[in-house]
Amino acid sequence: MISKTYAPQDIEAKWYQYWLENKFFASKPNPDKEPYSIVIPPPNVTGVLHMGHMLNNTIQDVLIRKARMEGKEACWVPGTDHASIATEAKVVAMLKERGIEKKDLTRDEFLAYAMEWKDKYGGIILEQLKKLGASCDWDRTRFTMEPSLYQAVIDTFVRLYEKGKIYRGVRMVNWDPQGKTALSDEEVIDKDIQAKLYYITYNVVGEEGSLTIATSRPETIMADSAVCINPNDERYTHLHDKTVKIPLLGREIPVILDEYVTMDFGTGCLKVTPAHDLNDYELGLKHKLPVIDILDDAGFLNEKAVLYVGQDRFAARRNIVKDLEEAGHLVKVEEYKSIVKTSERTGAVIEPKLSLQWFLEMKEISQPALENVMNDNIKLYPPKFKNMYSSWMENVRDWCISRQLWWGQQIPAYYLQDGTVIVAKSKREALHKAQHELQLFALTEEDLTQDPDVLDTWFSSWLWPISVFDGIENPDNEDIKYYYPTNDLVTAPEILFFWVARMIIAGYEWRGELPFRNVYLTGIVRDKLGRKMSKSLGNSPDPLDLIAKYGADGVRTGMLFSSPAGNDLMFDEKLVEQGRNFCNKVWNAYRLVEGWNATEISQPQENLLSIQWFESRLNQTIIDVQEHFVKFRISDALLSIYNLIWDDFCGKYLEMIKPAYEQPIDKATFEATISIFEKLMCLAHPYMPFITEEIWQAISERGANESICRAEYPLAGEVNTQILGDFDAMFTLVTKIREIRNAKQLSPKTALPLSIKTEEKARYQTLEGIIQKLANTETIEYVSDKVNGAISFVVKADEFFINLAGEIDVEAELANAKKELEYNLGFKKSTEAKLANERFVANAKPELVERERQKLADAESKIKALEEMIESLSK
RNA sequence: GGUUUCAUAGCUCAGCUGGUUCAGAGCACCUGCCUUACAAGCAGGGGGUCCUAGGUUCGAAUCCUAGUGGGACCA
């Protein structure tokens with residue numbers, strides 16, 4: 001006996017194993033087939049599956065499974081990226097637990113620990129994807145730190161350097177004093193805080209008097225190079241050309257003039273600290289001020305500060321405020337709202353810091369990437385992101401690609417003792433270059449020191465669509481030629497700039513071609529309150545728990561029920577519940593059909609018609625689904641399939657052909673039903689791979705290595721609109737009868753007598769058996785006159801009567817009929833008005849006008865029928 | 001602050017090229033049913049100023065302008 005409810009657990013494990021054993025997801029170049037490829041957005045190797053991954057990877061799996069069934073050579077490449085800062089932070093934390101400090105290790109020792117860590121935790125997320133049903137070609141799993149991908153990064157660096165696109169420069173960067181590395185702007189998060197504004201007086205040198213500045217960072221006064229005032233500020237004209245003395249420290253600095261200073265913020269006097277503020281740095285450049293950097297890499301004050309040396313920046317702030325106050329230099333402290341930049345990874349407050357970093361010049365290299373998105377060679381879904389994309393690309397800044405970390409691709413730059421830089425793929429090549437190009441033949445490898453920094457993780461993931469096919473190292477290999485450009489990329493809008501745009505840039509730079517044709521941007525998964533789901537908030541369910549509770553198919557469909565491209569998904573477990581219920585519905589349809597006994601009895605006419613009707617509905621839906629997919633309306637396509645299966649197949653079709661209890665079904669109908677069921681399973685398979693496989697396997701005899709994974713995706717056949725129309729009218733009739741039964745509080749078991757007054761008897765005669773089954777009619781007869789004392793209603797131009805002796809409430813019937821008449825008269829009036837409007841008839845499309853005429857005719861016949869009905873009721 | 005995007009039922013969202021009296025789906029809600037596949041179900045029902053004000057048009061939820069309110073990106 002089959003279980004009454006669908007139990008996914010065993011089924012999922014069984015089929016996933018079967019798919020892997022038979023290598024259904026493996027792909028290799030096949031010239032006879034059209035390639036279809038997707039590269040996974042490589043999850044962070046330290047990561048575990050979260051709701052965003054679930055959404056993102058479900059969509060990719062839907063796309064790839066559909067393509068595979070459509071006979072394309074479908075290849076979904078999985079993998080992970082090394083996430084240098086996040087992983088390094090975790091490794092450092094792990095070492096700390098073991099009592100080991102990073103600074104006590106050599107680079108190689110540290111990397112050995114990192115690899116150990118990666119081997120232990122690195123594969124978790126990919127295993128989790130298997131639970132979701134992801135049909136990746138697992139043999140192709142790549143990792144951004146594996147030798148060939150590592151080498152690709154090194155090679156691209158060297159080539160870009162040789163092209164003059166990479167340079168080394170001093171810049172004010174976002175410094176993470178905890179991670180001790182520079183961060184890109186994208187890795188920095190602005191946080192609103194309640195800050196304090198300290199008013200501090202500086203004495204003027206050589207005379208009485210002082211000025212007061214306002215600052216939120218009093219500990220940086222030791223790094224001041226000047227005080228700046230606006231030349232138009234009349235309050236301070238007496239200070240022009242003066243010098244002031246830094247409190248406590250006593251160092252003298254000039255008063256400079258610049259219109260940059262806002263007169264109404266603070267006191268209008270701005271202390272200028274070029275080493276510790278980006279704006280001040282630029283002001284310093286303009287006025288040729290000295291740069292005094294008083295902070296070390298960890299955010300502690302160094303000897304240049306003179307005071308508070310060795311103290312943490314926040315401790316120094318507390319102390320200097322106290323000392324300033326005691327010295328009488330602190331005028332007041334004000335609260336004010338400000339933003340502080342923090343590190344996305346460590347949470348530390350960012351320190352603007354001048355440092356020597358490697359940069360990639362972006363202006364020229366990014367041109368094709370801008371053009372080809374704007375001209376739709378690469379399409380973004382939804383297209384609203386084009387605007388954001390273009391504004392970013394038009395104002396693109398040079399990319400700081402160095403990070404002061406060990407976990408990552410070490411920058412292939414080698415320094416001679418005099419500081420000369422040589423960029424080469426290896427130390428040996430660098431030596432060779434030095435010897436030949438600089439004529440330094442006595443040099444040995446010991447004289448070369450490699451740059452200790454690594455490259456930004458994005459500098460390896462921007463190559464991902466190429467490097468997973470070894471297209472950098474071996475640009476003419478079979479895989480890259482066959483699978484590249486890939487077809488679709490599915491990712492989050494958050495990384496549109498620092499990943500998607502850069503992949504496009506890399507695509508044109510290294511292959512002269514786009515990396516993918518379509519970019520589908522998913523939304524952010526939020527909770528019911530609209531908050532982004534995150535570990536720290538604890539508002540995210542564990543995806544694996546959800547799968548255990550509702551089944552992978554239930555979770556997949558649940559997530560996709562309401563996730564239009566680019567819009568956030570307000571996640572609610574209700575959705576997943578709905579997904580599970582859908583699985584259960586399908587399961588029970590299977591249970592019903594499975595229990596049928598097919599025999600050689602003749603096929604009733606009604607069954608044949610039902611089959612024809614359903615096939616038309618099916619074909620119509622297949623057409624809809626295809627249209628939705630072309631536009632990446634993944635959610636709408638699912639909803640079409642859902643409605644087809646639940647309402648039309650289960651709710652109507654199966655009810656129409658269902659034999660009476662313990663009665664056999666005719667073979668022709670049975671076989672047609674099996675064939676329909678198979679098609680439905682194929683249609684739904686990309687969304688719900690497990691249950692569809694289970695049913696597909698059970699419903700017919702299958703060969704040893706067959707799978708729905710590789711079955712043919714249904715193609716649309718003919719749509720018979722005549723039959724669809726007839727059935728629609730019939731369903732309306734059935735609903736009306738049920739409505740009466742409900743209104744009269746009659747049991748569904750009570751059979752009702754139905755009389756029909758129609759000009760087109762034939763339309764209903766062929767469907768009598770179905771009407772009887774669906775509406776539970778006792779008798780169906782055709783009349784040419786009203787049935788007195790019966791409840792009546794109108795469908796199209798036909799009148800129907802249910803004769804329930806004594807049950808009729810004439811007043812209510814009359815009121816109903818009048819209301820309906822009124823509506824139809826109004827409808828008629830507006831349609832007539834439309835048709836009487838010459839400009840409408842002249843301007844609207846002809847088929848539209850024709851449709852209006854038809855509507856008018858329908859309304860008129862209905863009005864006639866209603867009027868007759870009202871007349872007879874009024875008697 | 002600049003740019004951009006969105007606003008439709010209690011909630012989440014469809015509504016595609018302006019054209020059915022167009023206002024729709026799912027969930028939630030109400031009523032009645034444990035009917036022999038399914039109560040994770042079946043039958044039926046109520047519910048909306050399509051943000052506001054103008055405009056274009058024969059015709060506007062849909063196009064334009066302004067306003068209001070939310071989001072995103074940049075500063």
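Quick note on labels: first sequence line is chain A, next is B, and so on, each numbered from 1. Values reported hereafter were calculated over all heavy atoms of this structure, with side chains retained and with hydrogens, waters and symmetry mates removed. All figures in this text were calculated on a predicted structure; none of them were measured in a lab.
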Item to complete: Classify the side-chain pair Thr669(A)/Asp666(A) by whether it contains a donor and acceptor separated by less than 3.5 Å.
Response: yes
Worksheet entry | Rounded interatomic separation in angstrom, taking CZ from Phe632(A) and C1' from rA14(B) | 19 Å
Worksheet item: Between rC74(B) atom P and Phe385(A) atom CZ, what is the distance in whole Å?
Response: 13 Å
Worksheet item: Expressed in whole Å, how much space separates the P atoms belonging to rU56(B) and rG26(B)?
Response: 39 Å
Worksheet item: Can you tell me how far P in rC74(B) sits from the matching atom in rC29(B), rounded to whole Å?
Response: 41 Å
Discussion item. Could you tell me how far apart Glu739(A) (CD) and rA43(B) (C1') are, to the nearest whole angstrom?
Written reply: 11 Å
Item to complete: For Tyr653(A) and Thr673(A), test the side chains for any donor-to-acceptor distance below 3.5 angstrom and give the result as yes or no.
Response: yes
Discussion item. Need the pair for rC13(B). Rule: Watson-Crick or G-U wobble, both distances under 3.5 Å, any strand; none if unpaired.
Written reply: rG24(B)
Worksheet entry | Integer-rounded Å distance: rC73(B) C1' and Lys386(A) NZ | 18 Å
Fill in: Whole angstrom value for the distance that separates P of rC13(B) from CZ of Arg526(A)
10 Å
Item to complete: Could you work out the separation of rU68(B) and rC51(B) based on their C1' atoms and round it to a whole Å?
Response: 8 Å
Worksheet item: Atom CG of Leu55(A) and atom C1' of rC13(B): how far apart are they, to the nearest Å?
Response: 15 Å
Between side-chain atoms of residues 573-580 of chain A and protein atoms elsewhere (two or more places apart, or another chain), which donor-acceptor pairs fall under 3.5 Å?
from	atom 1	to	atom 2	distance (Å)
Glu573(A)	OE2	Lys549(A)	NZ	2.8
Glu573(A)	OE2	Tyr550(A)	OH	2.8
Gln578(A)	NE2	Tyr642(A)	OH	3.3

Discussion item. Return the pairing partner of rG1(B) with a 3.5 Å limit on both distances, Watson-Crick or G-U wobble; otherwise return none.
Written reply: rC74(B)
Discussion item. Below the 4.0 Å mark, does rG15(B) have OP1 or OP2 next to a side-chain nitrogen or oxygen of Arg633(A)?
Written reply: yes
Worksheet item: What does rG41(B) pair with, Watson-Crick or G-U, if both distances are under 3.5 Å?
Response: rC33(B)
Fill in: Nearest-nucleotide comparison on RNA chain B, the residue closer to the 5′ end among Glu494(A) and Leu639(A)
Leu639(A)
Worksheet item: Say you pick atom P in rC30(B) and the same atom in rU36(B); how far apart are they, in whole Å?
Response: 25 Å
Worksheet entry | Euclidean distance for P, rG46(B) against rG10(B) (whole angstrom) | 16 Å
Item to complete: Ignoring hydrogens and angles, tell me if any N or O in the side chain of Ser216(A) forms a donor-acceptor pair with the backbone of Leu197(A) under 3.5 Å.
Response: no
Discussion item. Give me the distance, rounded to whole Å, that separates rA25(B) from rG15(B) when you measure between the C1' atoms they each carry.
Written reply: 10 Å
Fill in: Contacts of type side-chain hydrogen bond (donor to acceptor under 3.5 Å, both in side chains), residue Tyr6(A), not counting sequence neighbours
none
Item to complete: Identify, with sequence neighbours excluded, every residue that meets side-chain contact (heavy atoms from CB on, under 4.5 Å) alongside Asn375(A).
Response: Asn372(A), Asn377(A)
Worksheet item: Can you name the residues that form a ring-ring contact (aromatic ring centres under 6.0 Å, His included) with Tyr281(A), not counting sequence neighbours?
Response: none
Worksheet item: Given the P atoms of rU57(B) and rC50(B), what is the spacing between them in whole Å?
Response: 23 Å
Worksheet entry | Integer-rounded Å distance: rA43(B) C1' and Lys736(A) NZ | 16 Å
Protein-nucleic acid N or O pairs under 3.5 Å, nucleotides 1-4 of chain B:
from	atom 1	to	atom 2	distance (Å)
rU4(B)	O3'	Asn387(A)	ND2	3.1

Worksheet item: Is there a Watson-Crick or G-U wobble partner for rG67(B) with both distances under 3.5 Å, and which nucleotide is it?
Response: rC51(B)
Discussion item. Suppose you measure atom C1' in rG19(B) against the same atom in rC73(B); what distance do you get, rounded to whole Å?
Written reply: 37 Å
Item to complete: Determine whether the aromatic ring centres of Tyr520(A) and Tyr381(A) lie less than 6.0 Å apart.
Response: no
Discussion item. So that I can tick it off, tell me whether Asp258(A) and Lys286(A) are bridged by a salt bridge, with the cut-off set at under 4.0 angstrom between side-chain N and carboxylate O.
Written reply: yes
Discussion item. The side chain of Lys574(A) is closest to which nucleotide in this list: rA75(B), rA28(B), rG45(B)?
Written reply: rA28(B)
Item to complete: Ignoring the backbone of Asn742(A), work out which of rG44(B), rC27(B), rU12(B) is nearest its side chain.
Response: rG44(B)
Response to the item:
In 5'-to-3' order, the base (B), backbone-only (S) or no-contact (-) status of each nucleotide in nucleotides 34-42 of chain B, using a 4.0 angstrom heavy-atom cut-off, is -BBBBSBSS
Discussion item. Keeping Thr750(A) on the side-chain end and Leu746(A) on the backbone end, is there a donor-acceptor pair under 3.5 Å?
Written reply: no
Practice prompt. May I ask you to decide whether Lys386(A) forms a salt bridge with Asp376(A), counting only side-chain N to carboxylate O separations under 4.0 Å?
Written response: yes
Discussion item. I need the CG-P distance between Asp648(A) and rA25(B), as an integer number of Å.
Written reply: 14 Å
